[in-house]
Amino acid sequence: MRKRANEIDCSVLRCGVGTGEHGAAIEKLRRILSEMKDGYLDAFSFRLRAVEYPEELFYEVARIAKERKLYFSFLYAYQFAPPGKRSHLNAEIVQKVRKIAGEYFLGEIFGETGSDRGAKAKGYFRAAPTCMAEEMPPQNFSGMAEAKEAYVRYVRQMAEYDKKIGIEQPMLVEATAFLKYDLEAGMEIPVLEFFPGNPESLVAFARGAAVGYRKKEWGGFIACEWYGGYRHEDKLKAQRLRLAYRYLFLTGATMVYLESGFDNICSFGYEFGHDAPECSVYRRAMQEFYAFSRAEKRPSCGPLTKVAFLHGNLDGYTGFMGSSVWSQFDRKEWGMSAPEYSWRILDEVYRSRDWHDFANFGQDGRDFSCAPAYGQYDVVPVESELSVLNGYDHLIFAGWNTMTDEIYEKLKAYVSSGGKLILCAAHLNVSDRRGGEPKYLRDGKLSDLLGCDLVGKAQTNDGIKFCRDGEAAGVEYPGTFDFICDCNYCSGYAEYVTVRLNGGRVVAFFDDKFAPASDRESMRPALIENKCGKGVVSFLTYTAYPGDPAVYPLYRTIVKENLTALHRNCDLKVLCGDKIRFALYYEESGEEKLYLLNTDFNVFHEVKVLYRTREINTEIAPTELKIISFAFEGSDGSA
């Protein structure tokens, strides 16, 4: 029997809509909810703007929600406060709303703080702002720590205000990867604005933040009207919407809201009313998903996830716009560069390796590079407790990380207890200055974890040779028995740290010869692996982040092989093309369900599932979500 790995209860799913995107009249709210009273939703948000509303409006919304037994929240009460007020809401209004609506009042939803303070371009801000979103962030940060703390303070003021007036569970709809900072600041439920950026990777940030901060809920706010495509008449946009709903179900969201589009569309120069086909598509997708989510009970535990990328300390990557890190404009060192480019590795997680890739190793002629074990990965805060990190078999660094003694000791404890860690020298830097000289933790005396000490640095334009096998069981690198082979992965000049080995093993080294190296002692290590307790560390000696063009080919090869090895050696094997997404859910009592989603718009995909003693062959239609139960023979359904 599998044991629960986190606090998220995936048996819960709240379906809702955002009202007021194109006007927030009570009469409109009544009409929308009357039309959708059955078979569409069980929750809504009511958007507020920076104008004065009569106090009665809040109580009328509460009465409407109570009458229809719908959960509700006010959106942007704080960020779009009327002139002269801190928020539309105060303790007295909250108390009266709760008295009217009871359990149906969920509180306030904040929005897009990461976009406002870390992603938008300079021209989005105004010299005379009319709301918080138009205020230019401070432009004088000396380092990443100061920038991050300023952001957390910015969000904390909102969370603390709401809690002070009686809203215990403030939520924030975030379009960027900043969800862990929102939770650090006091927000209680992370919600991803789905479609800005790459939603597949940003879902991993959202769920990972929820796992890391031990939250029971996380959600998706589907912004299809604004971000699902600029041409509303394009039929692919409707299919994207259906896939968004199904993807959020597959990945374990406990709340799914549709931002707009279902009543009218007013964007990109289009004007469509309620009865337009373009709007009816949204309502039909809502209704279909609501019916499916009520008929299909998702097990409470999951999705089972055995690998996580580490969201590093002070990382300013946004995943959506963010060309100027932490919105620091006109300073070149703050421009998006190698630390942020490193997150492009997430684009590889669900991409099968090319047929001609000699570094892709199969099993019995089968390729497992389409996904990691059990089909899912998280991006988990490096600040997470050790008990959270211990829930993953593999942890992988990608973007910016300012190392601390506390983080280092936690990682060492994780590896010692049996975990596998992948990192570069760049992730061991204790400085928070962009573009500055690295300063390595403990002056580079790190052999207790890495199996080597960092003693200097050098530069090379040479290629790489691998040993055949790594220190971790089941990992197979593209090396030969005798090192008589080409030097691969050369991609330009790169700086690396020189080391003094102290227990670690050289698994890949820089070389410029086809003939074998004269002896191992003269090798210039590019990858050192060290057994530390029950686990293994893979240490790339590059001083630059993995996103550097000279570093990325080797980093990608190492990461992709470790992900493939997890799938190759897993008890669940899913043989499919890389348009298929899958996830395994379970109950501690033993029930298990496998969900398979075909993200292809055009063609059916054949899938072979090998699980323990069973082999299941199935075909999945374009955009179809299929369910396979391992609890009862013959229990197979689709949506």
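Predicted model only: the values in this text are computed from it and were never measured.
Ring centroids of F320 and F195 are separated by 6.0 Å or more, keeping the two rings apart. Residues Y290 and Y40 place their aromatic rings such that the two centres sit no closer than 6.0 Å.
Taking the side chain as every heavy atom from C-beta outward, R331 and R434 never approach each other to under 4.5 Å. Annotation: side chain of V388 is in contact with side chain of V380 (closest heavy-atom distance under 4.5 Å).
Remark: Y282 pairs with no residue by the ring-ring contact (aromatic ring centres under 6.0 Å, His included) rule, at least two apart or across chains. The ring-ring contact (aromatic ring centres under 6.0 Å, His included) test applied to Y76 returns F80, not counting sequence neighbours. Considering only residues two or more places apart in sequence or on other chains, I100 meets the side-chain contact (heavy atoms from CB on, under 4.5 Å) condition with Y59, A62, R63. For R581, the side chain to side chain donor-acceptor pair (under 3.5 Å) partners are E200, not counting sequence neighbours. Evaluation of the side-chain contact (heavy atoms from CB on, under 4.5 Å) rule for A238 yields R242, V281 as partners, not counting sequence neighbours. For the salt bridge (charged side-chain N to carboxylate O under 4.0 Å, His left out) test, residues two or more places apart in sequence or in another chain that qualify with R30 are E60. K163 meets the salt bridge (charged side-chain N to carboxylate O under 4.0 Å, His left out) test with E188; sequence neighbours excluded. Legend: residues meeting side-chain contact (heavy atoms from CB on, under 4.5 Å) with S267, ordered by chain and number and at least two apart, are E225, W226, H232, I265.
The aromatic rings of Y151 and F178 sit perpendicular, their planes meeting at an angle over 60°, well past the 30° parallel limit. Classified by interplanar angle (parallel below 30°, tilted 30° to 60°, perpendicular above 60°), the ring pair F105/F72 is tilted. Using a 30° and 60° split on the angle between ring planes, Y595 and Y585 fall in the perpendicular class, above 60°. Using the six-membered ring where Trp is involved, F397 and H427 have ring planes that are parallel, under 30° apart on the 30 and 60° scheme. Taking the six-membered ring where tryptophan is involved, the planes of F289 and F292 are tilted, since the angle between them lies from 30° to 60°. Aromatic ring pairs are classed by plane angle as parallel below 30°, tilted from 30° to 60° and perpendicular above 60°; the pair H88 and Y53 is tilted.
Side-chain atoms of Q79 come within 3.5 Å of backbone atoms of G111 as a donor-acceptor pair (strictly under, hydrogens ignored). Although no hydrogens or angles enter the test, the distance criterion places no donor-acceptor pair under 3.5 Å between the side chain of R14 and the main chain of A43. At least one donor-acceptor pair under 3.5 Å links the side chain of Y341 to the backbone N or O of M336.
Sorted by first and then second residue, the salt bridge (charged side-chain N to carboxylate O under 4.0 Å, His left out) pairs with a member in residues 132-142 read R126-E134; sequence neighbours excluded. Residues in residues 250-267 take part in these salt bridge (charged side-chain N to carboxylate O under 4.0 Å, His left out) pairs, two or more places apart or across chains: K28-D263, R31-D263.
Enclosure of atom CZ in R283 by more than 12 non-hydrogen atoms of other residues, nucleotides or ligands within 6.0 angstrom is indicated. Open room surrounds CD on Q95; 12 or fewer heavy atoms of other groups in view lie less than 6.0 Å from it.
Of the charged side-chain nitrogens involved, at least one lies within less than 4.0 Å of a carboxylate oxygen, so that R294 and D42 count as a salt-bridged pair. Look at E278 and K237 and you find no salt bridge, because none of the NZ, NE, NH1 or NH2 atoms lies under 4.0 Å from a carboxylate O. The pair K216-E7 does not meet the salt-bridge criterion, since no charged nitrogen lies less than 4.0 angstrom from a carboxylate oxygen. The residues E587 and K297 are annotated as not salt-bridged, no charged nitrogen and carboxylate oxygen being separated by less than 4.0 angstrom. Taking the charged nitrogens against the carboxylate oxygens, E385 and R214 do have a contact shorter than 4.0 Å, which makes a salt bridge. In summary, E588 and R4 do not engage in a salt bridge, as defined by a charged side-chain N under 4.0 Å from a carboxylate O.
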Throw together a table of side-chain donor-acceptor distances under 3.5 angstrom for residues 152-161, partners on residues two or more places apart or in other chains.
{"unit_1": "Q157", "atom_1": "OE1", "unit_2": "Y78", "atom_2": "OH", "d": "3.4"}
{"unit_1": "Q157", "atom_1": "NE2", "unit_2": "Y154", "atom_2": "O", "d": "3.1"}
{"unit_1": "Y161", "atom_1": "OH", "unit_2": "L89", "atom_2": "O", "d": "2.7"}

Could you pull out all donor-acceptor pairs under 3.5 Å where a side-chain atom in residues 118-125 meets a protein atom, sequence neighbours excluded?
{"unit_1": "K120", "atom_1": "NZ", "unit_2": "D116", "atom_2": "OD1", "d": "2.6"}
{"unit_1": "K122", "atom_1": "NZ", "unit_2": "D330", "atom_2": "OD2", "d": "2.5"}

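Rounded to the nearest 0.5 Å, atoms CZ (F262) and CE (M286) are 6.0 Å apart. Taken to the nearest 0.5 Å, the CE atom of M255 stands 11.0 Å off from the CG atom of L248. Atom CZ of F329 and atom OG of S324 lie 5.5 Å apart (nearest 0.5 Å). Taken to the nearest 0.5 Å, the CE atom of M171 stands 5.0 Å off from the CG atom of L106. Once rounded to the nearest 0.5 Å, the distance linking CG of L172 with CG of L183 reads 9.0 Å.
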Intermediate values then yes/no, side-chain hydrogen bond (donor to acceptor under 3.5 Å, both in side chains), Y270 and E233: CA-CA 10 Å; Y270 291 84; E233 70 277 12; 2.7 Å; yes
Worked verdict on E174 versus T176 for side-chain hydrogen bond (donor to acceptor under 3.5 Å, both in side chains): CA-CA 6 Å; E174 181 61 77; T176 75; 3.0 Å; yes
Stepwise side-chain hydrogen bond (donor to acceptor under 3.5 Å, both in side chains) check, D315 with W343: CA-CA 11 Å; D315 193 342; W343 286 110; 2.8 Å; yes
